[in-house]
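Step one of this worksheet: look at the structure below.
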Amino acid sequence: MSLLSVENLTVSRGGLAVLEGVTFSLHAGRALVLRGPNGIGKTTLLRTLAGLQPPLAGSISMPGEAMAYAAHADGLKATLSVRENLRFWAAIYETDTIDHALDQMNLRGLAGRAAHSLSAGQKRRLGLARLLVTGRPIWVLDEPTVSLDAASVALFASAVRAHLATGGAALMATHIDLGLEEAEVLDIAPFKARPPEEGGHKGAFDHDFDGAFL
Amino acid sequence: MIALLMRDLRLAIRAGGGFGLGLAFFLIVVTLVPFGVGPEGAILSRIAAGILWLGALLACLLSLDRIFALDFEDGSLDLLATAPIPLEAVVTMKALAHWITTGLPLVLAAPLFAVLLHLPTPAYFWLEVSLLLGTPALSVLGTFGAALTVGLKRGGLLLSLLVLPLYVPTLIFGAELVRRGGEGMAVQVPLAMLAGITAATIALVPFASAAAIRVNLR
C-alpha cells in the first residue's frame, strides 16, 4: 500500500522552479533516502511535502494527518527540560506517553535537564525523539543525523527500523550514511528544473516580464 | 491548544522570558511624566487617563516581537505549522499568552500607578473596565504585526510602525471612557465602541495573522 505518492511535482524556491517532474511513491514499511548536491532543492521538496509551501505544479497524495516533519532546526525550547519539551509535543499531537521516546533515543538519564544544557548531538536526539511522540506514520526528515556520533546514528537507525516495522514510512534527505541498508535511494539531481527558455516552468518573474512587454 | 498556552506561559516566567518587563516599563513611563510636566495635581489628574493608556500601549508593544520571533528562530514555528492544530488556533493561544503575561499585569497594577498621577477617584473603576476590555485587542493586533515581520532581521522597529496605527481606535475610546467615567458623564458610546473593537479584533485578526505566517514560512 502506498502511503505517500508524489506525481510530476514542481517545487519552487523564491518564485523560481528548482525541481520539476518529481515522481515517486513511498510504501508502508519502506524508507526512501533523497540524495543530491547542495542547493538542488531537497529541503524545498520536503517543505513542500510538509505543506509549508504550495507546489507550482503536480500532486501530492497521502492520508490526512499522517505526516510528522523534522526540519534542520529541532524546535526545542532552551529553558524547558527534555521531558517538558517532549510532553508539549505529545500534547499537541494528542498522544499519551513519552516514555518509549525517552528510552529509544537514550534520553532517560537527561529527562530532567534543561534543553540549553544539552550538547548538539543530545539536542538532535531530543529532536528525533519528538518524532516518536507524534505517533504519525510518515516521517519526513531533513538531515536527521547531523551532529550525531556513530552510536547515536545507530540508535536513530534502529528507531527508524522499529518505525518501519510497525507499518510506518520514512523519507529522508541526507548526505551521511545512515546505516539503513534496506532504504531505497532516490537521486533527485535528474529532476533539476530546466530554464524557461528550454521549456521549463516559468517563474513569477518570467510571467511578470511577459506581461510588461506585451 | 491548552498545552501551547501553558508552554508559552512557562517560557515567559523562566529565565529570559521577559515576564514583568512590560510592567516595569509601564511604571517607569508613569513615574517619568510628573518629572516632565511638573508635579501639579490639577494638570496631572487631567492628563492621567491618557498617560495611563499610552503607557499601557507602549508596554504592550515592547514584548510583541517575541511572540513569533523566538519560535521562528528555533524552528518550532515550522513544526507548529505542520502540527495538527490550525495556525489560527496557534495565533489565538499566542495572543492569549501574551495578554496574560503583559496585559493582565497592567490591568491589575494600573490603579496603583494611577495614584501617582492623581487620577480622579470616580475614574478608577472605569480605568479598570477600559483596560480589561481594551488590552486584549492590543495583544491580538500585535500578533498581526508580529506575524508580518516574523523572519525579518531586526524587524522590531518596523513592527512598531505597523502596529501603532492599528492601536489608535483602542487608545481613543479607552482613554475617552476613563475621562468620561471620571467626570460622571455618560459612558455608553466609548464603552460599546471599545468592546466592539476588541470583539471584532479577536474574531477576525487571527485569520489575518495566520495567513501572514503562512506566507512568511514559504
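Lettering follows sequence order; numbering is per chain, from 1.
- Interface remark: A/Arg87 contributes no atoms to any contact with chain B (heavy atom separation under 4.5 Å).
- With a 4.5 angstrom heavy-atom cutoff, B/Leu77 does not touch chain A via any of its atoms.
- Rounding to the nearest 0.5 Å gives a distance of 5.0 Å between CG of B/Leu4 and CD1 of A/Ile92.
- Listed options B/Asp78, B/Leu70, B/Val215, B/Ile85 were ranked by heavy-atom pairs under 4.5 angstrom with chain A; first place goes to B/Asp78.
- When every heavy atom of A/Ala91 is checked against every heavy atom of B/Ala3, the shortest pair comes out as CB-CB, 3.3 Å.
- Remark: B/Met6 CE is loosely packed, at most 12 non-hydrogen atoms of other residues, nucleotides or ligands lying under 6.0 Å away.
- Between chain B and the residues A/Arg47, A/Lys77, A/Glu65, the most heavy-atom pairs under 4.5 angstrom are made by A/Lys77.
- Among all heavy-atom pairs drawn from B/Thr82 and A/Tyr93, the shortest one is O-OH, 3.9 Å.
- Open room surrounds CZ on A/Arg30; 12 or fewer heavy atoms of other groups in view lie less than 6.0 Å from it.
- Heavy atoms closer than 4.5 Å to chain B are found in the side chain of A/Arg136, but not in its backbone.
- When heavy atoms are compared at a cutoff of 4.5 Å, A/Leu76 approaches chain B solely by way of its backbone atoms N, CA, C and O.
- By the neighbour-count criterion of 12 heavy atoms within 6.0 Å, atom CD of A/Glu94 is sparsely surrounded, having that number or fewer from other residues, nucleotides or ligands.
- Taking all atoms of both residues into account, the shortest heavy-atom contact from B/Leu80 to A/Phe88 is CD2-CZ, 4.0 Å.
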Test B/Leu217 against A/Gln53 for side chain to side chain contact (heavy atoms under 4.5 Å, CB included), laying out the working first.
CA-CA 7 Å; B/Leu217 284 183; A/Gln53 57 185 66; over 6 Å; no
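- B/Arg14 and A/Thr79 make their closest contact through NH1-O, 2.8 Å (heavy atoms, listed as atom of the first residue, atom of the second, distance).
- When all heavy atoms of B/Arg218 and A/Leu52 are compared, the pair lying nearest together is CG-O, 3.9 Å.
- Across A/Pro54, A/Ser12, A/Ala78, A/Gly64, the residue that shares the most heavy-atom pairs under 4.5 angstrom with chain B is A/Pro54.
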